[in-house]
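Note that these values count all heavy atoms, side chains included, but never hydrogens, waters or copies made by symmetry. Chain letters run A, B, ... following the sequence lines, proteins first, then strands; residues in each count from 1.
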Protein chains: 2
Amino acid sequence: MRSSDLPEVRALGLFNSMGEENFEALMQAAYLQTFPPQLDLVHEGDPADFLYVVIEGCVELYANANRREATMAMVHPVSPFILAAVLKDAVYLMSARTRARSKILLIPSEDVRSIFELDDAFARAMVLEMAGSYRYVIKEHKGLKLRSSVERLANMLLRQDHEFGDGSGTFDLPYDKRTLASLLGMTPENLSRAFNTLKPYGVEVDGTTIRLTDIKALKTLAKPTPLIDDPKT
Amino acid sequence: MRSSDLPEVRALGLFNSMGEENFEALMQAAYLQTFPPQLDLVHEGDPADFLYVVIEGCVELYANANRREATMAMVHPVSPFILAAVLKDAVYLMSARTRARSKILLIPSEDVRSIFELDDAFARAMVLEMAGSYRYVIKEHKGLKLRSSVERLANMLLRQDHEFGDGSGTFDLPYDKRTLASLLGMTPENLSRAFNTLKPYGVEVDGTTIRLTDIKALKTLAKPTPLIDDPKT
DNA sequence: CGCGGGATTGAGATGCATCAAGCAAAGTGG
DNA sequence: CCACTTTGCTTGATGCATCTCAATCCCGCG
């Protein structure tokens with residue numbers, strides 16, 4: 001792999017505390033590849049052969065059943081994904097595909113597990129990484145069980161504005177609407193209608209850019225809570 | 001704490017590999033208490049002061065928002081819960097209450113974290129515990145997003161029969177129907193109706209006991225998949 | 001025997017999905 | 001440069017799934 005990519009991988013929470021020789025051993029075994037968009041990296045049910053780390057681009061985690069499909073999460077640089085399956089030496093529970101041209105690091109599962117046994121700092125970093133992922137899914141699950149689709153959309157907009165907005169209330173949607181809909185647990189048609197029902201609350205939609213002109217009103221409807229919407233805790 | 005309880009705690013995956021002196025230090029700091037049913041142990045949003053381990057009885061994890069409530073999971077002996085919040089030194093994302101008279105071990109968070117730093121085997125055990133919990137929630141989330149309520153019920157019945165049945169197709173529901181409904185993401189009324197729509201598929205309900213007389217038909221409807229329904233992987 | 005809580009049933013409203021067009025912006029190829 | 005497809009989004013009409021509210025039932029328990 002290119003040495004210019006090493007520092008940013010090394011800087012990752014998962015890798016920044018482990019021993020130098022173990023890190024090098026991992027990178028020695030790893031492959032760095034660039035994939036085109038819409039390429040399937042992982043299929044649910046397959047044995048977990050690799051741990052993946054998104055270095056550049058974007059990866060969608062999704063799942064199928066009953067001839068339905070649901071987007072489970074989007075992974076952005078620089079983050080690992082499907083860590084749990086690798087650790088447990090089990091099958092993947094989710095599929096993964098690139099959503100943009102993406103540079104991705106593939107580390108063979110066996111190497112991850114053997115370094116996990118060898119390097120105590122790496123093991124501890126894994127716990128925190130797993131704990132973060134766990135809490136993310138719990139929040140998603142709470143949102144799905146406790147909120148209506150309009151509320152989920154409203155909260156997503158508020159979060160997006162807060163995290164990525166410049167303070168003006170204007171920002172761009174992070175993905176196309178079809179993906180957003182699936183991520184929020186609804187159909188594209190319904191997302192469209194949900195935007196309409198949010199119009200009286202100061203939500204202006206122009207293609208992929210959003211303007212929130214009445215955040216107070218939107219919050220009244222969305223009733224955000226850090227126990228679902230705070231990505232940090 | 002009573003020494004007669006130590007062996008079963010020690011036998012837990014989370015504790016069985018750690019050093020003896022560290023285990024004793026943890027137990028030294030811990031409290032073992034028996035609680036009556038329906039007692040609130042933990043409220044979401046509170047800082048994570050303790051790691052809990054159910055020794056006897058049963059604990060419900062639930063969450064509130066928008067004046068709704070949802071059961072997130074049921075915890076049975078012998079298992080820890082809310083490990084992630086303790087590790088991250090964050091607030092609890094879920095509330096917890098006893099559902100039966102329960103003997104519960106409380107270990108102060110700080111002690112858990114300091115032993116986590118000290119004992120490498122303990123840290124590794126945590127990773128596997130977290131990975132298991134993570135995969136459990138992912139499966140729940142997939143079920144909720146990809147299946148109808150009737151399908152969720154059907155699969156729950158099949159799983160229950162497979163795990164706890166005696167092979168005759170007869171078994172008892174693990175909780176009252178109101179709780180089951182919430183766990184499955186529906187209202188009690190709807191659970192009742194869902195049982196009715198399953199009647200043609202050989203599902204006989206008598207109070208809390210269930211008889212499955214046509215498992216093949218039920219499976220045709222439920223379309224179970226290990227990627228959602230297998231509790232082991 | 002009556003009381004009370006969970007479970008069921010029914011009726012009605014609502015949320016959400018589905019199906020089917022329509023539309024606009026962005027490619028594509030002549 | 002312009003038809004022509006393609007793709008993503010929207011809109012409308014309709015039906016099903018699920019929730020809500022209310023009434024009733026059932027059973028265990030005082």
Side-chain angles (χ1 to χ4, degrees), chain A residues 36-38 60 64-71 97 99-100 143-157 172-200 203-211 221-222, chain B residues 37-38 60 64-71 97 99-100 143-157 172-201 203-210 221-223:
Chain A
Q38 305 299 334
E60 174 187 12
N64 289 95
N66 294 329
R67 47 184 70 214
R68 291 161 192 271
E69 178 172 315
T71 301
R97 69 166 77 96
R99 289 308 300 266
L144 204 54
K145 271 193 151 180
L146 295 167
R147 285 173 168 164
S148 71
S149 58
V150 172
E151 289 168 337
R152 291 198 296 277
L153 173 60
N155 280 295
M156 186 273 282
L157 295 175
D172 273 29
L173 293 174
Y175 324 110
D176 60 300
K177 292 181 181 167
R178 153 187 282 339
T179 304
L180 264 178
S182 182
L183 199 53
L184 292 169
M186 49 179 143
T187 58
E189 295 96 324
N190 230 309
L191 177 62
S192 204
R193 289 181 244 267
F195 272 122
N196 278 329
T197 90
L198 288 183
K199 198 173 290 180
V203 177
E204 297 176 7
V205 184
D206 176 21
T208 180
T209 103
I210 306 291
R211 276 194 62 201
L221 176 133
Chain B
Q38 305 300 335
E60 175 187 10
N64 289 95
N66 293 331
R67 49 183 69 211
R68 292 161 192 270
E69 178 171 315
T71 301
R97 68 166 77 97
R99 289 308 299 264
L144 204 55
K145 270 193 152 178
L146 295 167
R147 285 174 168 165
S148 71
S149 58
V150 172
E151 288 169 337
R152 291 198 297 276
L153 173 60
N155 279 295
M156 187 272 283
L157 295 174
D172 273 28
L173 293 175
Y175 325 109
D176 60 298
K177 292 180 182 167
R178 152 183 292 319
T179 305
L180 264 177
S182 182
L183 198 52
L184 291 169
M186 48 179 144
T187 59
E189 295 95 322
N190 231 309
L191 176 63
S192 206
R193 290 179 245 261
F195 271 123
N196 278 329
T197 91
L198 288 182
K199 199 173 286 179
Y201 298 86
V203 177
E204 297 176 7
V205 184
D206 177 20
T208 179
T209 104
I210 306 290
L221 176 133
K223 290 180 278 305

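- Atom CG in A/Asn66 sits roughly 14 Å away from atom P in D/dA17 (whole-Å rounding).
- Other residues, nucleotides and ligands contribute over 12 non-hydrogen atoms within 6.0 Å of the CZ atom of B/Arg97.
- Separating the CG atom of A/Leu191 from the C1' atom of C/dA17 is a distance of 14 Å, rounded to the nearest angstrom.
- B/Arg152 places a side-chain N or O within donor-acceptor distance of the main-chain N or O of B/Arg147, the cut-off being under 3.5 Å.
- OP1 or OP2 of C/dA17 has at least one side-chain nitrogen or oxygen of A/Thr187 nearer than 4.0 Å.
- One interatomic measurement links the two molecules: CD of A/Glu189 to C1' of D/dT14, which rounds to 13 Å at whole-angstrom precision.
- Between the CG atom of B/Leu144 and the C1' atom of C/dC16 there is a distance of 14 Å, given to the nearest Å.
- Here the straight-line distance linking atom CG of B/Leu221 with atom CD of B/Glu151 works out to 6.5 Å at 0.5 Å rounding.
- One atom, NZ of B/Lys177, and another, P of D/dC26, lie 13 Å apart when rounded to the nearest Å.
- Nearest to the side chain of B/Asn196, among C/dT9, D/dC19, D/dC9, sits C/dT9.
- Counting to the nearest Å, the P atom of C/dA7 and the CG atom of B/Leu184 are 13 Å from each other.
- Distance from the side chain of B/Asn190 is smallest for D/dT18 among the nucleotides C/dT18, D/dA22, D/dT18.
- Between A/Leu146 and the options B/Glu69, B/Arg68, B/Arg67, a side chain to side chain contact (heavy atoms under 4.5 Å, CB included) holds for only B/Arg68.
- At whole-Å resolution of the value, CZ in A/Arg193 and P in C/dA17 are 10 Å apart.
- Tested against B/Thr71, the residues B/Glu60, B/Arg178, B/Arg99 include a single side chain to side chain donor-acceptor pair (under 3.5 Å) partner, B/Glu60.
- In this structure, B/Arg67 places its CZ atom 18 Å from P of D/dC19, rounding to the nearest Å.
- A donor-acceptor pair under 3.5 Å is absent between the side-chain atoms of B/Lys177 and the main chain of B/Thr208, judged by distance alone.
- Within residues 148-156 of chain B, the residues approached by DNA chain D to less than 4.0 Å at the level of any non-hydrogen atom are B/Ser148, B/Ser149, in residue-number order.
- B/Phe195 approaches B/Leu153 most closely through the heavy-atom pair N-CD2, 3.9 Å.
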